[in-house]
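Presented below is the structure to which this report refers.
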There are 2 protein chains.
Amino acid sequence: MPAIKDVARRAGVSVATVSRVLNDHPSVRAGTRERVLTAVADLGYRPNAVARSLRTAQTRTLGLVISDVLNPFFTELARSVEDAARALGYSVVIGNADERPDLQDHHVRTLMDRRIDGLLISPTDGGSPMMSAAARAGTPMVFVDRWIEGEGLDRVPVVRTDGRTAIRDLVAHLCALGHRRLAIIAGPAATTTGRERVDAFRAALRAFGLALSDDHIGQGDFQAGSGRRVTARFLDLPHPPDVVFATDNLMALGAMDEIRARGLRVPGDVALAAFDDIPWFLHTDPPITAIAQPTGALGHAAVRALIDLVEGRPAESVTLSARLVARRSCGEPEGSTP
Amino acid sequence: MPAIKDVARRAGVSVATVSRVLNDHPSVRAGTRERVLTAVADLGYRPNAVARSLRTAQTRTLGLVISDVLNPFFTELARSVEDAARALGYSVVIGNADERPDLQDHHVRTLMDRRIDGLLISPTDGGSPMMSAAARAGTPMVFVDRWIEGEGLDRVPVVRTDGRTAIRDLVAHLCALGHRRLAIIAGPAATTTGRERVDAFRAALRAFGLALSDDHIGQGDFQAGSGRRVTARFLDLPHPPDVVFATDNLMALGAMDEIRARGLRVPGDVALAAFDDIPWFLHTDPPITAIAQPTGALGHAAVRALIDLVEGRPAESVTLSARLVARRSCGEPEGSTP
DNA sequence: CTGAAAGCGCTTACAG
DNA sequence: CTGAAAGCGCTTACAG
């Protein structure tokens, strides 16, 4: 591949001049600029981004570490992040943590080694030494969807969805349909969304005069397998719950697997609801009631906040709202659209 | 962030020695190595990958350009690619083309600018100038899933799945269930998988003495919207088909949307089958008959081939086989598992 | 308006 | 076994 000096030679100028043309520096005579541009085109020259990054100490690249690419929610988030970043002239490099703290650390480290300009993280777990190190090193960082506490992490803006109202709406919906024994498949306690959704659920139940007994809280890990295991435990109870609320769509998938394997019916034998909405929920048997996040807006807001930080402007935390989409998996909704 | 000279100063050696320790060069005295390692740990030093890449002319990074991240097939492919690459000491940077040739070119260009060591592409369309340029520049390249023809592209190894046998199995299955009017939602003609699946379908029909009339071939683009539009056209026909075969899972989603919107039943009013299997197909109403690709193996084989090329070894094309997973969306399968 | 020169942070022959 | 020096491909003050 041709380098800048090849262009300079062909255009009969110095590399400094070529660089100026490439960077739209105003002080280049029109004729010179022409010759340089022709040489660039003739050679098919493209500046080496590696060299440029080394020299300018910026990579125009954002790192995005997500907990699980196979989770449609995160896939969509990643996509909207990439869209927003590209519109602002940045690339994004994705690291998939697979809900594993060690993999998460691996990606944060790798991204830091590549000197990305900023880090967008949906953290998978508590103590992450690399994340604290990144914060300490002054790397611009923004949490998206989830956040964790840790040394140096308290100043990191959080761009997230608040599901409390939607969860209360869900509980109201369930009560209206006559359900009283509600159970929840929680996400990892180390995760804010994991805790928050359980807290909101418990609070909503209390508001409706219901209790959340310990055997109706199942510990999941946001993966399908755990949803299935927890559901099995629920259904083995002497008094099984009459509705299971999975706090993410993958665990809802696992719950469906288990319910189906037992030949039970939704919502007749047990009702089902999920946090996070996905297109297929419309076509399951029955269509699944879910809480939808404004994923696109979330990704855009997170990128905006991060780039503000990267470019030296202050950034603030952002909280968006989720909303209930009632379908038929909890019983026939009263006249609402499917 | 500390640089190599800071480590050298603290350890009382030259930067050359620090570099040797970092790269496991054998000729460093044990005591010196100790001191360097201590300095590295004390400072929390991490080599700047940008500088290293500039100097060594390799980035230990692979570029992966996929047609659509939101398609679960590609998400899974991306994940297996990342897994395989990481195991071999490479990172991967993903570019999502969204089935848009311009975006595809944008990503190929960006990746080339970053001097990735090799390119894994699932091309979205015909003529891509950047891809030819990359090939001409001698960048190691491998096509995965799909491939295109073009200048300099004929030597690029292809790692893909052959669906012909599975499609024939599907047609046999459909015939056995009494279906005779079969229709197909094709992918973009510019795409090899798009053409191939139609060809295989037509050939299989012929083998069973059936014809594929033109109004039973709908042109889709591998996105849900097109699946819906094409299905609408099929259902508006004076003699609608009795089975619709969507050549990817997103178009199957669109087909479901349309069928459902019309209040029709699967498979009673119209049967449905899809290329590419996804977990939710088990829980739709009814569960959807699909052709499953060995996605994990595909990703691994593609990475292996690409890294062979990158490291100067020859690489060969690989073809894996898909298999039919019969469920209930085409009628009650004869004793096969759901 | 343009060029010569320094320097970003590394690695690696070349000496010793 | 270790160091001084060159150089990867850029950008950017500094001169002129």
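Using a 4.0 Å cut-off between charged nitrogen and carboxylate oxygen, A/R46 and B/D113 count as a salt-bridge pair. A salt bridge links B/E99 with B/R146: the closest approach of a Lys/Arg side-chain nitrogen to an acidic carboxylate oxygen falls below 4.0 angstrom.
Residue B/V13 is in sugar-phosphate contact alone, with no base atom involved, counting any heavy-atom pair closer than 4.0 Å across all strands shown. Note on B/S19: a base of the nucleic acid sits closer than 4.0 angstrom, heavy atoms only. Within the 4.0 angstrom heavy-atom criterion, only backbone atoms of the sugar-phosphate kind lie near B/A3; the bases stay farther away.
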Paired and unpaired positions of DNA chain C as dot-bracket, Watson-Crick or G-U wobble under 3.5 Å, | denoting a partner strand: |||.||||||||.|||

Side-chain atoms of residues 70-81 of chain B: list all donor-acceptor pairs with protein atoms under 3.5 Å, sequence neighbours left out, distances to 0.1 Å.
unit_1	atom_1	unit_2	atom_2	d
B/N71	OD1	B/F73	N	2.9
B/N71	OD1	B/N249	ND2	3.0
B/N71	ND2	B/D248	OD2	3.3
B/T75	OG1	B/V69	O	2.7
B/T75	OG1	B/N71	O	3.1
B/R79	NH1	A/D98	OD1	3.4
B/R79	NH2	A/D98	OD2	2.7
B/S80	OG	B/L77	O	3.0

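Annotation: side-chain hydrogen bond (donor to acceptor under 3.5 Å, both in side chains) contacts of B/R136 (sequence neighbours excluded): B/E151. Legend: residues meeting side chain to side chain contact (heavy atoms under 4.5 Å, CB included) with A/T61, ordered by chain and number and at least two apart, are A/T59, A/S91, A/V93, A/I116, B/R114.
No donor-acceptor contact under 3.5 angstrom links the side chains of A/Q104 and A/T124, judged on distance only.
In the region residues 21-39 of chain B, proximity to DNA chain D at under 4.0 angstrom, judged on heavy atoms, holds for B/S27, B/V28, B/R29, B/T32.
A residue-by-residue look at A/V15 and A/L54 shows that A/V15 has its nearest nucleotide of DNA chain C further toward the 5' end. Take the nearest nucleotide of DNA chain C for B/R20 and for B/A51: the residue whose nucleotide is more 5' is B/A51. Nearest-nucleotide assignment on DNA chain D puts the 5′-proximal partner with B/S14, out of B/R115 and B/S14.
Paired with A/L120 under the rule side-chain contact (heavy atoms from CB on, under 4.5 Å), one option of A/V65, A/V303, A/V92, A/I66 passes, and it is A/V303.
Between B/L43 and B/D6, the closest side-chain pair of non-hydrogen atoms falls below 4.5 Å.
Contacts between chain B and DNA chain C, taken as any atom within less than 4.0 angstrom of a protein heavy atom, begin and end at C/dG9 to C/dA13.
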Evaluate the salt bridge (Lys or Arg N to Asp or Glu O under 4.0 Å) criterion for residues A/E311 and A/R60: first the C-alpha distance (whole Å), next the side-chain angles of each, then the deciding distance (0.1 Å), finally the verdict. CA-CA 11 Å; A/E311 300 182 349; A/R60 289 240 127 207; 3.7 Å; yes

Check against side chain to side chain contact (heavy atoms under 4.5 Å, CB included), B/H106 and B/M130: CA-CA 8 Å; B/H106 165 87; B/M130 275 314 297; over 6 Å; no

Apply side chain to side chain contact (heavy atoms under 4.5 Å, CB included) to residues A/M131 and A/L153 and explain how you reach the verdict. CA-CA 8 Å; A/M131 261 162 59; A/L153 266 27; 4.1 Å; yes

